[in-house]
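Below is one structure, written out as structure tokens; comments come after it.
All ligand and atom numbering here is 1-based and tracks the order in the structure. As a basis for the values below, the full set of heavy atoms in this structure was taken, side chains included, without hydrogen atoms, waters or symmetry mates.
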Amino acid sequence: MNIDRITLHHLSMRLKYPFETSFGRIQQRECILVQIQAGGLSGWGECVADRDPWYSSETTGTAWHILKDHLIPQLVGKSLPTAEEFQAGAARIRGNAMAKASLEMALWDLWGQVEGKSVAQLLGGVRSAVPVGVSIGLQPDIAALLDVVAKFVAEGYGRVKLKIKPGQDVPLAAAVRRAYPDLPLQVDANSAYTLESAAALLPLDDLDLLLIEQPLAEDDLWDHRQLQARLRTPICLDESITSPRHAAQALEMKAARIINIKAGRVGGLSQAVQIHDLCTAAGAPVWCGGMLETGVGRASNLALAALPGFTLPGDISASDRYYEQDITEQGFTLNPESTITVPTAPGLGITVDTAALAGVTLATLRF
Ligand code: OSB
Ligand code: MG
């Protein structure tokens with residue numbers, strides 16, 4: 001089967017609520033959707049790089065360039081590659097994990113449709129619904145935060161993650177813990193601390209948190225090791241883990257006890273599964289991170305989180321937590337036990353709503 005056409009769609013979607021983290025505030029979420037057409041089928045992938053290089057060095061601009069000038073020319077007009085063939089071709093290009101992962105996601109969607117299997121099945125998923133939580137951005141004050149937490153708890157979210165940064169950390173986590181003594185709770189600093197300033201985080205050890213996510217710099221496994229040695233609460237790495245090798249080394253040097261897996265950050269679902277496998281073998285729990293995805297990336301996250309080692313709730317909230325209108329016909333909703341159902345239809349199991357897509361498209365490019 002030949003790849004007939006590849007189309008890039010640059011989107012800008014308005015979030016229902018601004019999302020603020022230690023790195024900045026987002027109201028318009030930009031992303032790139034990749035559409036691969038082959039044998040009358042359409043495979044979709046989402047590039048999770050944002051407009052600004054705050055969470056990672058990749059942006060929609062760098063991903064557009066790498067897709068257009070390097071990755072797509074390897075594929076268009078050629079026969080549909082296997083995952084190994086795609087990864088071998090992509091390996092020559094350094095970095096640019098999110099650009100690579102978006103094309104691979106579209107290929108997984110196609111491979112599933114060709115074989116009549118869901119991506120969850122192809123990856124080795126064992127769960128029909130996955131436990132999920134909600135990631136709550138920084139709020140103007142603690143009273144406002146408590147209101148937002150109350151709203152999401154009332155909606156049925158059984159695990160809450162709070163964004164923190166220097167000056168907005170222990171008091172806000174302590175206030176939420178006081179209001180909800182039994183709520184599974186965790187915090188995410190997005191690299192806002194140094195080993196020195198992270199002394200401010202030591203009192204978090206008394207709040208019975210599930211984990212403390214990425215307190216220190218993304219390129220600093222060693223200082224995470226030093227900090228972990230001073231904390232009883234597990235450190236979980238997000239930004240620092242960009243490959244299976246980094247995941248293995250982080251566990252080996254005790255820089256973290258838990259890993260947040262995002263397929264985009266590690267160059268694709270293939271590497272995400274490898275990280276899952278090696279963490280499971282090492283006895284380290286993993287969970288699926290989120291990047292404010294549209295329905296396309298959300299379907300991929302659900303497929304990945306269906307693997308057996310994803311024992312902690314993912315940052316995979318319902319579609320209506322993010323957007324007034326999503327660009328897939330399927331909206332994902334929260335089940336009563338704070339789970340979301342894994343799609344079972346072939347491929348990612350989603351259909352893109354072309355009218356909704358047109359309404360949020362900034363640019364389109366066909367190959
Ligand atoms: O650090 O996990 C993060 C969103 C954008 C970039 C980085 C992160 C996040 C989130 C939101 O925490 C997760 C989600 O609900 O999609
Ligand atoms: Mg994070």
Side-chain angles (χ1 to χ4, degrees), residues 13 15-31 46-60 63 97-98 101 130-139 148-149 152 155 157-165 169 185-193 209-218 224 234-242 247 250 256 258-266 272 286-302 304-305 310 312-323 326 332 334 338 340:
M13 310 240 307
L15 287 162
K16 279 167 79 168
Y17 323 95
F19 188 70
E20 186 170 337
T21 71
S22 64
F23 57 70
R25 189 179 166 95
I26 304 171
Q27 174 84 67
Q28 287 293 130
R29 176 66 169 120
E30 287 195 21
C31 71
E46 176 164 347
C47 178
V48 298
D50 202 353
R51 188 192 61 191
D52 301 301
W54 295 341
Y55 168 80
S56 88
S57 59
E58 280 188 275
T59 65
T60 42
M98 294 174 182
V130 302
V132 302
V134 63
S135 172
I136 299 179
L138 291 161
Q139 303 297 322
V148 177
V149 173
F152 285 120
E155 284 180 24
Y157 288 101
R159 182 281 262 160
V160 166
K161 163 167 139 182
L162 306 174
K163 291 291 187 177
I164 57 167
K165 71 174 186 184
D169 44 36
L185 189 64
Q186 60 195 59
V187 295
D188 185 1
N190 289 107
S191 294
Y193 296 82
L209 303 180
L210 286 171
L211 55 91
I212 300 171
E213 186 176 343
Q214 195 69 40
L216 310 177
E218 60 170 3
H224 277 106
I235 287 180
C236 166
L237 290 175
D238 174 356
E239 285 90 326
S240 290
I241 305 302
T242 56
I258 298 175
I259 288 177
N260 160 329
I261 303 183
K262 293 177 180 171
R265 201 190 60 226
V266 301
V286 300
W287 55 284
C288 185
M291 292 290 288
L292 314 172
E293 286 89 347
T294 73
V296 174
R298 198 160 304 285
S300 172
N301 286 344
L302 289 165
L304 178 65
F310 284 81
L312 291 170
D315 277 348
I316 316 174
S317 306
S319 311
D320 72 356
R321 180 259 178 276
Y322 307 93
Y323 301 106
D326 207 335
F332 295 99
L334 191 67
S338 194
I340 296 184

Note: R265, heavy atoms under 4.0 Å from ligand 1, region reported as neither
Can you tell me which residue and heavy atom of the protein come closest to atom 16 (O) of ligand 1, and the distance to 0.1 Å?
-> L292 N, 2.9 Å
For the Mg ion (ligand 2), protein N, O or S atoms at a distance below 2.8 Å amount to 3
Determine whether the side chain, the backbone, both or neither of E239 has a heavy atom under 4.0 Å from any heavy atom of ligand 1.
-> neither
Of I241, V187, D238, N260, which is the lone residue that meets side-chain contact (heavy atoms from CB on, under 4.5 Å) with Q214?
-> D238
Considering residues at least two apart in sequence or located in another chain, which fulfil the side chain to side chain contact (heavy atoms under 4.5 Å, CB included) criterion with D50?
-> I26, R29, E30
Can E213 and K161 be counted as an ion pair, charged N to O under 4.0 angstrom?
-> yes
Can you pull out the closest protein heavy atom to atom 1 (O) of ligand 1? Residue, atom name and distance to 0.1 Å, please.
-> N190 ND2, 2.8 Å
What residues form a ring pair (Phe, Tyr, Trp, His ring centres under 6.0 Å) with F310, not counting sequence neighbours?
-> H276
Taking 4.0 angstrom as the limit, do R321 and D315 come out as a salt bridge?
-> no
For atom 13 (C) of ligand 1, what is the nearest protein heavy atom, given as residue, atom name and distance?
-> G290 O, 3.4 Å
To which protein heavy atom is atom 14 (C) of ligand 1 closest, and what is the distance rounded to 0.1 Å?
-> Y322 OH, 3.4 Å
Under 4.0 Å between heavy atoms, the region of K163 that gets near ligand 1 turns out to be side chain
Restricting to heavy atoms, the pick from M291, K161, R321 nearest atom 5 (C) of ligand 1 would be M291
Can you name the residues that form a ring pair (Phe, Tyr, Trp, His ring centres under 6.0 Å) with F152, not counting sequence neighbours?
-> Y157
